[in-house]
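Below you'll find the structure, written out as structure tokens, and then a few comments.
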Amino acid sequence: MTLNERDLLWKERIESFESSGLNGAQWCRSQEIPVKQFRYWHKKLRRRAAAQTQEPKRNRWTAVSRETAADAPLLLVCGSIKIEVRQPFNPELLQAVLKVLPQ
């Protein structure tokens with residue numbers, strides 16, 4: 001069985017469980033599936049579904065408007081990291097710094 005086939009099988013099993021009205025232990029007994037294996041897959045598929053619904057962090061950019069003085073620094077914020085960019089600046093250095101930030 002390939003990984004994709006196993007994922008599909010467990011997705012179908014979890015859907016069957018959710019529509020059964022039984023609790024996890026009851027459903028596992030009725031299907032002759034170990035509870036530990038069921039919990040592993042239920043948790044794994046829930047996490048995967050949650051990850052797919054979230055926007056990737058690395059793509060969270062926002063528009064910038066220049067409403068302050070032209071010589072005011074630009075402040076870039078990435079989580080707890082703050083980068084202040086002043087004129088004149090080195091674009092290659094800024095690009096290198098941005099590449100090593102955690103995603």
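- The number of heavy atoms from other shown groups lying within 6.0 Å of CG (Leu3) does not exceed 12.
- A continuous path of hydrophobic side-chain contacts links Leu98 to Val85 [ILVMFWY only; heavy atoms under 4.5 Å].
- Within the model, atoms SG of Cys28 and CD of Gln37 stand 9.0 Å from one another, a figure rounded to the nearest 0.5 Å.
- A distance of 12.0 Å separates NZ of Lys11 from CG of Asn4, quoted to the nearest 0.5 Å.
- Rounding to the nearest 0.5 angstrom, the gap separating the CG atom in Asn90 from the CD atom in Gln95 is 10.0 Å.
- Between Asp7 and Arg48, the shortest heavy-atom distance links the atoms OD2-NH1, 3.0 Å.
- Atom NZ of Lys44 has more than 12 heavy atoms from other residues, nucleotides or ligands within 6.0 Å.
- A heavy-atom distance below 4.5 Å is found between the side chains of Phe17 and His42.
- For the atom pair CZ (Arg86) and CG (Leu74), the distance works out to 11.0 Å, reported to the nearest 0.5 Å.
- Between the CG atom in Leu45 and the CZ atom in Arg13 there is a gap of 11.5 Å [rounded to 0.5 Å].
- Side-chain contact between Leu9 and Trp41: absent, with no pair of heavy atoms (C-beta onward) separated by less than 4.5 Å.
- In this structure, Tyr40 and Lys36 have side chains that are not in contact, with every pair of non-hydrogen atoms separated by 4.5 Å or more.
- The hydrophobic cluster containing Phe38 does not contain Met1, counting ILVMFWY residues as joined when their side-chain heavy atoms lie under 4.5 angstrom apart, directly or transitively.
- Scanning both residues, Ser20 and Trp27, for their nearest heavy atoms gives OG-CD1, 3.6 Å.
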